[in-house]
Amino acid sequence: MIFRTIINKNSIITLIKNSKTLPQLNQIHAQIILNNFSNHLITSTKLTHKLFDFQATNQAKNLFKSLTKTNPPDLFLYNVLIRGLSQNGCPLDSLLAYLELRERTLLEPDNFTYLFVVSAVSALGCEKVGVLIHGHALISGYAKDCYAGSGLVDMYVNLGKIEDAYKVFDGIAEPDTVAWNTMISSLVKISFFHECCVVFRDMVRKGGRFDSTTVAVVLSAVAGLKDLRKGVMIQCVGIKVGCDLHDYVLTGLVNVYSKCGDILSAELLFGLIKKPDLVSCNAMIAGFSLSGDIKSAIRLFKELVCSRGRVNASTVVGLIPVSCPFRHLDLLRSIHCFCLKSGMLLDPSISTALISVYCRLNEIELGKRLFDESPEKGVAAWNAMISGYAQNGLTEPAISLFKEMQRLDIHPNSVTVTSILSACAQLGALSLGKWVHDLIKKGSFDWNIYVSTALIDMYAKCGNIAEARELFNTMEEKNVVTWNAMISAYGLHGLGHEALTLFEEMLNSKVTPSGVTLLSILYACSHSGLVEEGQKLYYFMVNDHGFTPSAEHYACMVDLLGRAGQLKKAVEFLNSMPVSPGTAEWGALLGACMIHKNTDLARLASDKLFELDPGSVGHYVLLSNIYSVDRNYSQAASVRQTVKKQNLAKTPGCTLIEVDGQPHVFTSSDQSHPNAAAIYDKLEEIMGKMKDVGFQIETTTALHDVEDEEKELMVTVHSEKLAIAYGLITSEPGTEIRIIKNLRVCLDCHNFTKFVSKITERVITVRDANRFHHFTDGVCSCKDYW
DNA sequence: CTAGGGTTAG
């Protein structure tokens, strides 16, 4: 055997270093014992180190124990032990070894000791121990050291103590590249992309020497932010200081350009990569798929399979056509099939991605089945399912899934609560929303911009605009979405001037308005009668800022003009459009015609609508109502006949009211409520008072049934009247009544509510399909303009 | 260096 020639310790150490397998190492170990080298400390240290490398943890431990008796281990060996135990899934043993070192020996821990033991504390997740060891490091003067300091930074980030991590980092005397990189990559690990870029900027300013690893990590943060400008800047900074275009850096750049939609640059950079590996190919595949170039994505995927024989989960997830899934159902099916056969479907990242894409395709059932069949469900899978429900308007299943999560003791995170808050907002579930808010206040989840924005939206949509604004004011970081949410909140409540003021503030801040901003502002103007202001802003955005309007923007402009009664101008606007108007634009005109009872224009608009979209119910209902206004009942009936023939049912109206945190839902003429008798009594009482003071019953623009309307109004009681009556009997006098309905409020109910607010001296808040109505003392905040 | 989940408008 080769060991015959062993003569000295140095050659044994070389053999240990070069050993490739555990059996090989064991043979060497045997030779060490045979040659009486067991007492040689350096040999034993190298052997322990190598045993840990081969994950032979128990052997390493035993070797260490056997050494103690003969000759005591030095600090170096202790460090090897602490590191090895920590890295091989024994963080507690690692910590115990550290304590043994401190208490049973005369040895003093050095910077390496702290670096290693601190990583064990990270794995244990025990903050108290972490602080204790930080204290030890401070006393011994190692907290300012790059090695120990980097370990502490990483530890605090893993413990979720970002501020402490920053403090430790700021205390490091002269951070080296590794220390900077640790700070930067720790922030990336927890998705603090913006903060990561800030640290990198500081590093450049302070003249810190960065390497290709730094640049690659910062680029991954930039990709997370989808900020192309930053990506280009970092590229320039890198080139300026001569950081070579290492393959990792190029891969990072491919990723940034892909995420930002510049697929041509991504492809170009991909071509510069010297040896494309799995990672860089994955980045490129994801880029192709995201840009809609499915053909290229598949081509590269096939190349990868041919040349390497296998791919990983990242490859598959990247290939899933998330940008336009409805156009690539075949591919989706193939991927699903491929994963099923290869067993990759068991990978949580793949199943989660599939659940998400199915939900986006409205294939909730399919998503749910995949969800149920996933054996290893992470929080992400739950989040995908919950948001799938919430985004499709299925608020109840979203909330019940959230409750099931808690029953199963699966901890929701900030992503979960963001979706739940969105569901609360849609549903008007103020109590649940407040409950979630309390949980957040208690510190159960991270506060971030998504959560705050969702909270603002929730409060606004549940009627509490003041709380929404309060939250908005206290946010230190705001993005476009935050501003949009607040602007549209004002629009929703008919507070057009406040919306305009906020928009001014937004322009003064550094946030660039988006298409949604303009929509929100136009919507707010339209619902407050601010025609001039809305028009001015529209042309300001389009002419001065080169903004390209979409169909929704055109529709909003038609609505703005039309709602204010300027129908002629609305038609002129339609004719002046650079593209031909679609259903959104004509629909807006039809709606305006209905408000202002212009039958001729209504007919024109509805003809266009039927031409463009024969299947839609809403248009039929509107048209039918138009004829009713004209007292042309036979025409109205014939339109409704068409609706019935095509089996196009209209949405039944319903209203929700919360009493003591419990939701109560009423439908038209609902008798099913346990307190029905009392409710109808109350209603009769109010109706009687209304008649006494001569309130007219108005039916002409009722959006509900138009057939036999006289007869129907006798027997039909709209759901919101029932909800208000119930609110009156269940709440204390003087308190606010808050109801939510799924359709637009009708004129009759609007009058009814005004009257109730006057005689009962109550504030009544009604959220209808479009907006809020705040009734006080017989007047509505919408000024009868809705 | 690559992969899964989130907020606004309609």
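Computed over heavy atoms, backbone and side chain alike; hydrogens, waters and symmetry mates excluded. Convention: sequence-line order gives letters A, B, ...; per-chain numbering from 1.
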Item to check | For atom CG of A/Asp559 and atom C1' of B/dA9, their distance in whole Å | outcome: 13 Å
Next on the checklist: Testing the 3.5 Å rule here: is there a donor-acceptor pair between the side chains of A/Asp347 and A/Asn312?
Outcome noted: no
Checklist entry - If you check every side-chain atom of A/Ala353, which of B/dT7, B/dT8, B/dG4 has the closest atom? => result B/dG4
Next on the checklist: Please classify the nucleic acid contact of A/Val254 as base, sugar-phosphate, or nothing, using heavy-atom distances under 4.0 Å.
Outcome noted: nothing
Checklist entry - Choosing from B/dG5, B/dC1, B/dA9, which nucleotide comes nearest the side chain of A/Val379? => result B/dG5
Next on the checklist: Using a heavy-atom cut-off of 4.0 Å across all strands, would you classify A/Val317 as base, sugar-phosphate, or nothing?
Outcome noted: sugar-phosphate
Checklist entry - What nucleic acid atoms does A/Ser280 come within less than 4.0 Å of, heavy atoms only: base, sugar-phosphate, or nothing? => result nothing
Checklist entry - So what does A/Glu376 hit on the nucleic acid, given a heavy-atom distance under 4.0 Å: a base, only sugar-phosphate, or nothing? => result nothing
Checklist entry - Reckon A/Asp247 touches a base, only the sugar-phosphate, or nothing at all at heavy-atom distances under 4.0 Å? => result nothing
Checklist entry - When we call it a touch if two heavy atoms are under 4.0 Å apart, what does A/Ser351 touch: a base, just sugar-phosphate, or nothing? => result nothing
Checklist entry - Does any N or O in the side chain of A/Ser528 come within less than 3.5 Å of the main-chain N or O of A/Leu530, such that one atom is a donor and the other an acceptor? => result no
Next on the checklist: Can you tell me whether the side chain of A/Asp347 and the base of B/dG4 have a donor-acceptor pair closer than 3.5 Å?
Outcome noted: no
Next on the checklist: Mind checking if A/Ala286 touches a base, just sugar-phosphate, or nothing, with heavy atoms under 4.0 Å?
Outcome noted: nothing
Next on the checklist: Let's see if you can work this out: which of B/dT2, B/dA3, B/dG6 has an atom nearest to the side-chain heavy atoms of A/Val415?
Outcome noted: B/dG6
Checklist entry - When all nucleic acid strands are considered with a 4.0 Å heavy-atom cut-off, which category describes A/Lys461: base, sugar-phosphate, or nothing? => result sugar-phosphate
Item to check | Between P of B/dG6 and NZ of A/Lys226, the distance in whole Å | outcome: 10 Å
Next on the checklist: If I take atom NZ in residue A/Lys259 and atom P in nucleotide B/dC1, what distance separates them, rounded to the nearest angstrom?
Outcome noted: 13 Å
Next on the checklist: Can you identify which nucleotide, out of B/dC1, B/dG6, B/dG5, has its nearest atom closest to the A/Ser419 side chain?
Outcome noted: B/dG6
Checklist entry - Just how far, in rounded Å, is P of B/dG10 from CD1 of A/Ile487? => result 13 Å
Next on the checklist: Ring-plane angle category for A/Phe772 and A/His493, please: parallel below 30°, perpendicular beyond 60°, tilted otherwise.
Outcome noted: parallel
Item to check | Side-chain N,O (A/Gln391) to OP1/OP2 (B/dG5) below 4.0 Å | outcome: no
Next on the checklist: Rounding to an integer number of Å, can you tell me how far A/Tyr248 OH sits from B/dC1 C1'?
Outcome noted: 7 Å
Item to check | Spacing of A/Ile335 atom CD1 relative to B/dG4 atom P, expressed in whole Å | outcome: 13 Å
Next on the checklist: Which nucleotide wins on minimum distance to the side chain of A/Ser314, given the candidates B/dT7, B/dT2, B/dG5?
Outcome noted: B/dT2
Checklist entry - Separation of A/Arg771 atom CZ from B/dA9 atom C1', in whole Å? => result 16 Å
Item to check | No-H, no-angle donor-acceptor pair, A/Asn448 side chain to B/dG6 base, under 3.5 Å | outcome: yes
Checklist entry - So does A/Thr315 get a side-chain nitrogen or oxygen closer than 4.0 Å to the phosphate oxygens (OP1/OP2) of B/dA3? => result no
Checklist entry - So what does A/Lys478 touch, heavy atoms closer than 4.0 Å: a base, only the sugar-phosphate, or nothing? => result nothing
Checklist entry - Nearest of B/dT7, B/dA9, B/dA3 to any side-chain atom of A/Ser488? => result B/dA9
